[in-house]
Amino acid sequence: MSNYSVSSRYAKALLEIAREKSIFEKVSGDSADIYQTFKASRELRNIMASPVLSSEKKLSIVDSIFKDKVSPESLNFLGFIIRKKRETLVTGIYERFLALRDEELGIVNAEVYSASELNEMLKKELISKIEKYTGMKSRTSFAVRSDLVGGFVIKIGDKVLDASVTNQLKVIKKKLIHEVIL
Amino acid sequence: MAEVRPDEVSSILRKQLSGYESAIDIYDEGTVLQVGDGIARVYGLSKVMTTELLEFPNDVFGMVLNLEEDSVGCALFGESMLIKEGDKVKRTKRLASFPVGMNLLGRVVDPLGIPYDGKGPVQFEKQSPIERKALGVIARQPVKEPLQTGIVAIDAMIPIGRGQRELIIGDRQTGKTAVAIDTIINQKFTHSEDAKNAGVTPVYCIYVAIGQKSSTVAQVVAKLEESGAMEYTTVISAPASTPAPLQYIAPYSGATLGEYFRDNGKHALVIYDDLSKQAVAYRELSLLLRRPPGREAYPGDIFFLHSRLLERSSKLSDELGGGSLTALPIIETQQGDVSAYIPTNVISITDGQIYLEPNLFNAGVRPAINVGISVSRVGGNAQIKAMKKVAGSLKLDLAQYRELEAFAKFGSDLDKATLRTLSKGERLVELLKQGQFAPVPVEKQVVSVFAGTQGFLETVPVSDVKRFEKEMHEFIDMKYPDLFEKIKISKVLDDQTTAKLKDALNEFVTKFKVSGN
C-alpha cells in the first residue's frame with residue numbers, strides 16, 4: 001500500500017474536520033508548526049519510527065512537546081495518528097494537508113532562483129507576474145544560484161520557467177549538435 | 001577532402017542560429033526517485049501522458065508506462081547507469097513515435113528510427129505515434145488480393161491475402177525466418193514493369209527483428225541486399241543487446257511504418273521476427289514495474305499486447321484508398337508445444353498459421369511445412385483463379401497420402417489404388433520441396449501443381465521430380481511462352497488454356513529422359 005494514498009486519506013480527514021468545526025485557520029497554523037517541528041528534529045522522527053517504544057510512551061512525548069502550543073483538536077489528531085500506528089507517516093500526512101490546504105485557498109508555491117540577489121522592486125514585480133501567470137495567490141521564495149550564470153528560473157509545482165543563461169547555452173548546444181552536424 | 005574555410009563555418013553557424021530566440025523555456029520537470037534494471041520511478045510530472053517520452057540527463061530517453069498516484073514508472077531506452085537518484089527529468093510532450101516516409105525504405109533503423117546502417121540521418125516525412133488504435137469495421141473490406149510468397153506449398157494450399165495476419169510457427173531451426181525472407185524477396189516482382197502490366201501493385205516490406213543476434217540480422221540484411229530486396233524493405237532491428245523496452249516497442253514501430261504505406265493506398269508486408277521474444281521482453285518490463293505476474297509469469301495484458309498489434313493489419317475500404325497491411329508474425333515454440341501460453345494466444349488472434357516441423361525439416365522436406373495442420377482462414381478468396389482451380393485436389397491428395405503412409409511402412413500387400421495414392425503423394429511431396437531464396441512466380445507454380453495433380457508425374461521416379469519440374473518450366477518457357485503469359489495476365493485457367501497446357505505437358509513427358517537410363 002502506497003504511503004502516499006494513506007497520507008492523503010488522513011490529511012483529507014483533518015481538512016474536513018477543521019472545516020466542519022470552523023477552526024480551519026487554527027488547525028492549518030498548528031499543522032504548519034507540527035510539520036516544521038517534525039521536519040527540524042531528526043530525534044523526534046526517530047523516536048516516532050522506533051518500534052521499541054509503546055504507543056503510550058509516544059503519546060506522552062507528543063503531549064509534552066505540543067500541549068501548550070497547539071489547539072486540543074490538533075493534538076487530538078496527532079494522538080489519533082499514533083494510536084492508529086501511523087506515526088511514521090506524520091510528516092507525510094502534514095505535508096499532504098498543507099498541500100491540500102493551499103489548493104483549497106488557491107495558493108501556489110513558487111521558487112525563484114536567480115544568478116544574483118534581486119532587489120525588492122524586482123521581487124515584487126516577479127511575484128505579481130507569477131500571480132498573473134497562474135491566476136492564483138503565490139507564496140514565493142527567493143534563492144541565489146550562481147551556476148545559472150545569468151537570468152532566472154521560476155519553479156511552480158512541476159512547471160519550470162527557465163530564462164537562465166545556462167539553459168540557453170544548453171539549447172544552443174543541442175541545436176548545433178542535432179541540426180548542423182547531422 | 002575539400003578545404004574548410006573558417007568564414008564559411010561561421011556563416012553557417014549564424015544561419016543555423018538565426019531562428020534561435022532567447023525566449024523563456026517552459027517545461028515540466030520531475031525528479032528521479034529510484035532507478036535500476038532499466039526502470040526509473042519519477043516524482044512529479046503530474047500531467048504526463050502514458051507512452052510519452054521523457055528526457056533524462058546524458059541524452060537518455062524513457063517512455064512512461066505506469067501512472068501512479070504519486071509517481072510515474074518509466075522504461076529507459078538507454079543505459080540506466082547514466083542516471084542517478086535525484087536527477088531532473090523533463091517532459092517532451094511527445095508520444096513515443098517512429099519516423100515514417102518513403103525514405104525509410106532501404107534503411108536499417110532501431111525502434112525509434114535512429115539509423116543503424118551508417119548511411120546518415122533518416123529523411124522522414126513525419127513522426128507517427130507507435131501506439132495507434134486499430135481501424136474499425138467500416139474502414140475495412142474483405143481480403144481479396146493475393147500476397148504471393150513464392151513458396152509453392154504456401155501459395156497453393158495456405159494462400160495469404162493482402163491484409164491478412166498469418167502466423168509462422170515452429171521450433172528453432174525449422175526455417176521460419178527463411179519463409180519470411182523468401183516472401184520479402186518474392187515481392188521484388190511486384191515492383192517491376194511486368195507486374196504493372198499484370199495489374200499487380202507493389203508491396204513494401206518491413207522486417208522487424210526482435211531479440212535476435214546482431215549477426216543474424218546482419219546476415220538477413222546482406223541476403224536482402226544481395227537479392228535486390230532492400231530497395232523496398234525497411235529493417236527495424238532491436239537485437240538481444242538492446243534494453244527490453246526497445247524490444248517491446250519494436251513491433252509497434254513496424255506497424256506504424258506499415259500503416260503509413262497502407263493509409264497512402266499502398267500495400268505493405270510486415271514481419272515480426274519473433275513475437276515470443278517480444279513477449280519475454282514485455283514480461284521482463286512488467287515484472288520490473290511490479291505488475292502482477294500471471295500464467296508463465298506473463299502479465300495479465302499479454303494477450304492485448306499481441307492482439308492490439310496484429311489487429312492493426314488490415315485491408316482498407318476503397319473509399320480510404322484500398323491499401324493493405326499484411327502481417328506475418330513469427331512464434332518460436334519449445335519442443336513443438338503449440339499449447340503453451342504465447343503460441344495459443346497468437347494462434348487465436350491470427351487468420352491462420354503455417355506450422356513448420358523439425359521432423360519434416362530433418363527428413364529433407366524443406367520448407368518443412370506441415371500442410372495437415374497449417375491453415376489460412378481467409379486467403380482462399382485471395383488466390384488467383386487459376387491456382388484455386390489446380391490446387392483444389394492437392395490438399396486432399398496429400399491428406400490421403402499421409403493417412404496411408406503409416407500402412408506403407410509395414411510393407412504389407414497393398415492394393416493398386418493404395419499404391420497409386422502413395423506414389424502420387426510421394427511425388428507431390430517432392431514437388432513441394434523448394435530451395436531457400438528461390439521463390440517461384442505464380443504462373444510457374446500453377447503449371448507445377450497442375451502437372452502434379454493431373455498425374456503427369458506418374459512415370460517420373462521420385463528422385464527425378466525436381467529435375468522434371470525445372471526442365472518442364474524451361475521447355476514451356478521456350479516452346480509455349482504464351483502459356484505462362486496468359487496465366488500471369490488473365491489469372492484464370494480456361495478450358496482452352498487447360499487443353500493447351502495438357503498437350504504441352506504430354507509432349508514434354510515423352511521427351512523427358514529419366515536419369516540413369
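Letters A, B, ... are given to chains in the order of the sequence lines, protein chains preceding strands, and every chain is numbered from 1.
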Kindly say whether [Y] contributes a backbone atom to a donor-acceptor pair with the side chain of [X] at under 3.5 angstrom?
X: B:D301; Y: B:F304; result: no
X: A:S54; Y: A:K57; result: yes
X: B:N58; Y: B:L82; result: yes
X: B:K119; Y: B:G106; result: yes
X: B:T256; Y: B:Y252; result: yes

Name every donor-acceptor pair, under 3.5 Å, that has one atom in a side chain of residues 35-49 of chain B and the other anywhere in the protein, sequence neighbours excluded.
| residue | atom | partner | partner atom | Å |
| --- | --- | --- | --- | --- |
| B:R41 | NE | B:Q34 | OE1 | 3.4 |
| B:R41 | NH1 | B:E68 | OE1 | 2.9 |
| B:R41 | NH1 | B:E68 | OE2 | 3.4 |
| B:S46 | OG | A:D158 | OD2 | 3.0 |

| field | Contacts with chain A made by residues 86-95 of chain B (heavy-atom distance under 4.5 Å), listed by residue number | value |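 Contacts with chain A: B:K88, B:K90.
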